[in-house]
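To keep things clear, I will list the structure first and then write my remarks on it.
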Amino acid sequence: MIIWDNHFHVDPFKGLFLEAVRQFHRADGTHLVVVYKTAHDYGFPGLKAEDFMKAMDFHIELVEKINNETPVKAYAVVGVHPAEFVYLAEQKGLEYARNEVMKALEYAQRLCLEGKAIAIGEIGRPHYEVPEEIWEASIELMKYGMILAKEADCAVQLHTESFDEAKFRELGEYVREVGIKPHRVVKHFSPPLVKVAEEVGVFPSIIASRKNIQEAIKQGNRFMMETDYIDDKRRPGAVLGPKTVPKRTKAFLQNGLFTEEDVYKIHVENPRKVYGVEVEE
Ligand SMILES: [Zn+2]
């Protein structure tokens, strides 16, 4: 059985790194989408495009290490986290920050085109309050990331403030404006609004809490599951642990909330469609 966690971080400095991946595997997890953290997390200052590029290369190496040293199949997602843009704009000004982040996103696109990454992410807008002009610029950069993904025919993983139906509709407008295929736009940390997401043309990646997944599956199986595991020993329990997606999936299958078909759709067909990758055991 294939079990896919769609949003997982690793941190070789502050976290368990390969041990977290092994925990996922011991719980019967098989496939991981490993998402870039921040340049700062990886030991780079995050003050110019080159810093982000080096951090993305470092991230790709971490993913290669997982593939070489564990039985788990890992895929890389690279981008510039919205918080990195906010920080850079505060340090060096909006224009400078916008330019550097655009260059870095173009590099992320190149890594997708070279087959080293499967998506650009997490990009988007901050989940906390920022000045109006930074907010607007974040949306422009999110759209730019979508344009790059459209050109490369790869996916994007979006990070945003907490979401509701109205925000999904707003995002749907950007998706239409950019013209990117709806199944290529993944809303990371999505609430269980499966039907709304489908209607507006966004693919939900839902936090795998029992409550969320129970609600999601009532609406259909067009979604993926994620932990957003952050791999930080200083913040245990800040998010779901590495075993959550396999544990939840098996429990839901056992108690009949998922059918075999649901599991196959969520963990194999949906990832295949979104990322255009072959998903094999
Ligand atoms: Zn994340």
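All ligand and atom numbering here is 1-based and tracks the order in the structure.
For the Zn ion (ligand 1), the nearby protein N/O/S atoms, meaning those under 2.8 Å, are His7 NE2, His9 NE2, Glu122 OE2, Asp228 OD1.
For Lys243, there are no salt bridge (charged side-chain N to carboxylate O under 4.0 Å, His left out) partners two or more places apart in sequence or in a different chain. For Phe13, the ring-ring contact (aromatic ring centres under 6.0 Å, His included) criterion is met by Phe58, not counting sequence neighbours.
Remark: Lys187 qualifies as a cation-pi partner of Phe163 under the 6.0 Å distance and 45° angle criteria applied to the six-membered ring.
Taken to the nearest 0.5 Å, the CZ atom of Arg125 stands 6.0 Å off from the NZ atom of Lys167.
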Give the table of side-chain donor-acceptor pairs shorter than 3.5 Å for residues 202-209, with sequence neighbours excluded, one pair per line with atom names and distance.
residue : atom : partner : partner atom : Å
Ser205  : OG   : Asn6    : ND2          : 2.9
Ser205  : OG   : Glu226  : OE1          : 2.6
Ser209  : OG   : Asn212  : N            : 3.2
Ser209  : OG   : Asn212  : ND2          : 3.4

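Counted by atom type alone, Glu106 and Tyr144 present one or more donor-acceptor pairs between their side chains at under 3.5 Å.
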